[in-house]
Amino acid sequence: MIHRILITGGAGFLGSHLCERLVTEGHDVICLDNFFTSQKTNIQHLLGEPNFEILRHDITLPIFLEVDQIYNMACPAAPGHYQYNPIKTIKTSVLGSINMLGVAKRCGARILQASTSEVYGDPEVHPQVESYRGSVNPIGIRACYDEGKRVAETLFMDYHRSNNVDVRIVRIFNTYGPRMHPYDGRVVSNFIRQALNNEDITIFGDGSQTRSFCYRNDLVDAIIAMMNNETNFVGPVNIGNPTEFTILELAEKIIELSGSSSRLIHKPLPSDDPTRRRPDISLAKAQLGWEPKIALAEGLQHTLDWFQGIKLQDYRPPTPNYS
Ligand code: NAD
Ligand code: UDP
């Protein structure tokens, strides 16, 4: 069945892949973005397609559109991006969700929220299961993102219970791949950029903190499956790769794959940086029949190849360049 689909944040790293997949499947796709952390080049190759349309708009403001599915992906995701204007970040999650839930309610559309592993904060339960309620510092520098996303989940569930809106919630764990903003300050993009230029690789803290990295194709498969699941399962569901690495291990793998002569240097650990993170994906396996297929070395190789093909000067740093 062909759907009319709205993707907010559609020009971003994950949103642009989602646009590509859904346009290829023949759906009518509206990509809505304010281009805060992205640029038109991410979706330029889709501009000539008859079933693709782009709207410059900010989801903190209301909009009237006619659609049957909404992927609410709009929100700065990298710590440096969401801390750049923290008040705007929380408005994007809260006012943006209210506006998009309003569109879904008016049109009878199904709406999926891109939530995050950050709702678990610095977790005391490991690996993280969906029933764990999290440990977020509500007044820390990550709270604009974490608490915004937690309120967004609340809004989604309340629109579902009170107004019968057809919702889906996915909690995305660290995802990487081609088209990450090269200056977003996230660990994969920083390390790859530094390795390819033989610059020092910046390990924050001692590098013993862990993350579990999911390749973007696996992630996009999962969120499309969640949107189209016809059971009454609304989530939240963890989506991520359960193989856990320390940040030091990640740096060593990137040096090995790129043949770089970079050295490792240490910088202070930012406050509230979670010490460990790994999704329990049993629920996604049981409900969606999904699990990731792409191992870190393979995904990093694709990402390295993409970084080697881009011109860094084509990318406008939206925030001060971290390197
Ligand atoms: P991204 O920064 O590349 O994409 C976000 C997009 O949203 C950008 O194109 C940006 O310009 C747009 N945007 C931001 N504020 C907006 C607003 N007010 N109105 C309209 N557009 C706006 O980040 P991403 O990694 O592609 O993340 C996409 C979504 O997935 C985000 O909601 C993020 O919180 C979530 N997520 C991502 C990860 C990850 O590891 N990539 C992990 C957890 C959750
Ligand atoms: N990190 C690092 N060096 C960098 C960028 C990040 O050591 O140049 C660390 C960061 O402190 C965190 C982990 O890598 O522990 C993942 O950071 P990222 O910003 O990618 O995402 P997070 O999972 O913290 O939101």
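For ligands, and for the atoms within them, numbers begin at 1 and follow the listed sequence. Here, residue 1 is the first one in the sequence, and each next residue gets the next number. Note that the structure is a prediction, hence the values are computed from the model and not measured.
Looking only at atom types and distance, the side chain of Q209 has no donor-acceptor partner in the side chain of T275 under 3.5 Å away.
The aromatic rings of H17 and F13 sit perpendicular, their planes meeting at an angle over 60°, well past the 30° parallel limit. Between H3 and H27, the ring planes lie parallel to each other; the angle is under 30°, not in the 30° to 60° tilted range.
Residue P79 approaches ligand 2 through these ligand atoms, each under 4.0 Å from one of its heavy atoms: 19 (O), 25 (O). Atoms of ligand 1 lying under 4.0 Å from any heavy atom of F35, numbered from 1 in the order shown and given with element: 11 (O). Listed by number with element, the atoms of ligand 2 under 4.0 angstrom from any heavy atom of I203 are 7 (O).
Heavy atoms of N174 found under 4.0 angstrom from ligand 1 belong exclusively to the backbone. Contacts between H57 and ligand 1, counted as non-hydrogen atom pairs separated by less than 4.0 Å, involve the backbone only. Only the side chain of Y145 comes within 4.0 Å of ligand 1, counting heavy atoms alone; its backbone N, CA, C and O stay farther away.
Taking atom 21 (O) of ligand 2 as the reference point, the nearest protein heavy-atom neighbour is N174 ND2, 3.6 Å. Among all protein heavy atoms, the one lying closest to atom 18 (P) of ligand 2 is V187 N, 3.8 Å. Among all protein heavy atoms, the one lying closest to atom 15 (O) of ligand 2 is D273 OD1, 2.6 Å. For atom 3 (O) of ligand 1, the closest heavy atom belonging to the protein is F13 N, 2.9 Å.
Contact between G185 and ligand 2 is present, with at least one heavy atom of the residue lying under 4.0 Å from the ligand.
A distance of 7.5 Å separates CD1 of I111 from CD of Q113, quoted to the nearest 0.5 Å. In this structure, C107 SG and F64 CZ are separated by 9.5 Å, a value rounded to the nearest 0.5 Å.
Between atom 2 (C) of ligand 2 and the options F204, F173, F213, Y82, the minimum heavy-atom separation is to F204. Of all the listed residues (H81, R142, R186, R277), R142 holds the heavy atom that lies closest to atom 24 (O) of ligand 2.
At least one donor-acceptor pair closer than 3.5 Å links the side chain of N137 to the backbone N or O of I139.
Geometrically, ligand 1 and S38 share a nitrogen or oxygen pair separated by less than 3.5 Å. Some N or O of Q209 is nearer than 3.5 Å to an N or O of ligand 2, by distance alone.
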Y215/Y176 under ring-ring contact (aromatic ring centres under 6.0 Å, His included): CA gap, chis, key distance, verdict: CA-CA 5 Å; Y215 189 62; Y176 69 100; 5.6 Å; yes
